[in-house]
Protein chains: 2
Amino acid sequence: MLGALSVAPLTGYQVRETIRDVLGHFWSESFGQIYPALARLEAEGLIGREGGDRTGSSTFSLTPAGLERLRERLGEPVVPQAPRNGLMLRLFFGRQLGPERCRELVVEAGDRARASLATFAAIRAEIAGEAEHAADAPYWLITVSAGEHSAQAMVAWADEALAALDALGGSARGGPRRWER
Amino acid sequence: MLGALSVAPLTGYQVRETIRDVLGHFWSESFGQIYPALARLEAEGLIGREGGDRTGSSTFSLTPAGLERLRERLGEPVVPQAPRNGLMLRLFFGRQLGPERCRELVVEAGDRARASLATFAAIRAEIAGEAEHAADAPYWLITVSAGEHSAQAMVAWADEALAALDALGGSARGGPRRWER
DNA sequence: GGGCACATGTAAGCTGTTACATGATTAA
DNA sequence: TTAATCATGTAACAGCTTACATGTGCCC
C-alpha cells in the first residue's frame, strides 16, 4: 500500500483496484484489511488524508515518513512464499487421477499461459506509452519480462508434458494410438 | 498426506520429511498440523495405523476408503494460490529501492535458479533409477520438468534484467561504464 | 427507476505458523 | 555420554478470507 501511494495519491478503493490490476500478476492483498490498514498508517503518520472528512471520499498520499518507511520495508529480506501448486500436486499423483484428467489440466495451464502472454504484451505497450512514469518504467518492465519468461516456460512445459502423457497411452479422445492395430 | 501414503506407508515423521523433500518444490504443509490431521484421517477410516500403540512409532497406510477419498480430492478444481512474490514487489518499486540493491536481488534469484537446476537434474536421475516406482515415474518427471522450465526461465530473465539495470547506470561496482571517459 | 461502479468499513471465523514440550533411539 | 535424529504432540497467536452492512453518484 505504501508502494502504491508512492506512485500517486489514491482513495482506498483505488488502492484496492491498483493492487488487483497493476500488481495482480505477482502480489495480492486481503481487501478486507485495506481500510483498517489505511487507518493504521494514517495514525502512524506514514500517509496523509486529503479531502472528504466523513462526508465523501478521501484521497491518501505518502508523507516523507511514509516514503522512508517504504524504503526500509523494501530493503528487508524477501520472505519466500510457501509453495502451494495444486496443479503440480495433481500431476505428481497423476497415477491416481488418470492420464485423461491430467491431460486436461495441462491443456488448461497452457491456455492460461498463452492468454497471459497476450496480457503482458498489452501491459508492455501501455507502460511504454506513459511518459509521466518514465522513471518507473524500466523497473515495471523488468517485472513484466519476468511474467513473460514464466509464461513462455509454462507453454513449452505444457507441450512437453502433453507429449509425455500421450506416450503413456492416456489420450483416449482423438489422439493417435500408433501401438494399436 | 493421503497422496504421500498412497505411494508407501509412513510414520508421521516420515510424512513430514516426504512432503518437505519430495514435494518441497511445489507444495508445503504446516507440520504443526500433521499429527492432528493423521488422528482425524484415522478417525474417518481413511488411513490405518500399524504397530506401536502408545509405546513407539506407528506406521500409517491408506485404506481403500482413503484411496477413494484421495481420488475425489485430486479431482476437485485447482484453487490457485494468491500470488505473493516479494522479489517482484521490490523490483516494481525499484526506483525507491535503488538500482544497486535491485541488481543484488536479481543476481541472488539467478543463482538460486541455477542451483535448483542442479537439484532437478539429481532428482531426475534418482527417479530414473528407481524401478519400484516405474508406474509413478512419468508423472513425477512431468513435475520435475516444470521445475526445470521455470528455473531456466528465471535464469534467462535474470540475465536480461541485469542488462536492463546496467543500462540504467546502477552498476557502480565492477561493471563496465562505457559512458564515462 | 434500476443497476452498476465507486466508496468505506466491520466482524466472525478459518487456516496456518511458530514455539514449545517431551521422550526414544542411534551414532560418534 | 553426549549430540543428533527420529518421533509425537499441543497451544497461542498471526494473518487472511468471507460475508455482511451501508451509502453515493452516474448512466441508460
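Letters A, B, ... are given to chains in the order of the sequence lines, protein chains preceding strands, and every chain is numbered from 1. Just so it is clear, the model here is predicted, and its values are computed rather than measured.
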Original post:
Any sub-3.5 Å donor-acceptor pair from Q81(B)'s side-chain atoms to A82(A)'s backbone N or O?
Top reply: yes
Subject >> For E42(B), all residues meeting salt bridge (charged side-chain N to carboxylate O under 4.0 Å, His left out), sequence neighbours excluded >> reply: R49(B)
Original post:
Which residues satisfy the salt bridge (charged side-chain N to carboxylate O under 4.0 Å, His left out) test with R69(A), sequence neighbours excluded?
Top reply: E44(A), E72(A)
Original post:
Rounded to whole angstrom units, what separation is found between the OH atom of Y35(A) and the C1' atom of dC20(D)?
Top reply: 15 Å
**OP:** Please confirm whether the backbone N or O of L46(A) pairs with a side-chain atom of T63(A), one donor and one acceptor, at under 3.5 Å?
**Re:** yes
Original post:
In whole Å, what is the span from the CE atom of M1(B) to the C1' atom of dT8(D)?
Top reply: 13 Å
Original post:
Does any residue of residues 2-19 of chain A have a heavy atom under 4.0 Å from DNA chain C, and if so, which ones, in number order?
Top reply: T11(A), G12(A), Y13(A), Q14(A), E17(A)
Validation: residues 87-94 of chain B side-chain donor-acceptor distances under 3.5 Å, sequence neighbours left out:
from, atom 1, to, atom 2, distance (Å)
R90(B), NE, L74(A), O, 3.1
R90(B), NE, E76(A), O, 3.1
R90(B), NH1, G86(B), O, 3.0
R90(B), NH2, E76(A), O, 3.1
R90(B), NH2, P77(A), O, 3.4

**OP:** Starting at atom CZ of R40(B), determine the distance to atom P of dG9(D), rounded to an integer number of angstrom.
**Re:** 15 Å
Subject >> Distance in Å, E68(A) CD paired with R71(A) CZ, rounded so as to fall on 0.5 Å steps >> reply: 8.0 Å
**OP:** Whole angstrom is fine here: how far is it from CD1 in I34(A) over to C1' in dG9(C)?
**Re:** 12 Å
**OP:** Figure out the CZ/P separation between R20(B) and dT5(D), and round it to whole Å.
**Re:** 11 Å
Check the interface with nucleotides 15-17 of chain D: list each N/O to N/O pair with the protein under 3.5 Å, or write none.
from, atom 1, to, atom 2, distance (Å)
dC16(D), OP1, R84(B), NH1, 2.6
dC16(D), OP2, Q33(A), NE2, 3.4
dT17(D), OP2, S30(A), N, 3.3
dT17(D), OP2, S30(A), OG, 2.7

Original post:
Does a side-chain N or O from S57(A) land closer than 4.0 Å to OP1 or OP2 of dT8(C), or not?
Top reply: no
Original post:
Does any pair with a residue in residues 97-134 of chain B pass ring pair (Phe, Tyr, Trp, His ring centres under 6.0 Å), and if so which ones, sequence neighbours excluded?
Top reply: H25(B)-F120(B), H133(B)-W140(B)
Original post:
Is NZ or CZ of R16(B) both nearer than 6.0 Å to the six-membered ring centre of F31(B) and within 45° of the ring axis?
Top reply: yes
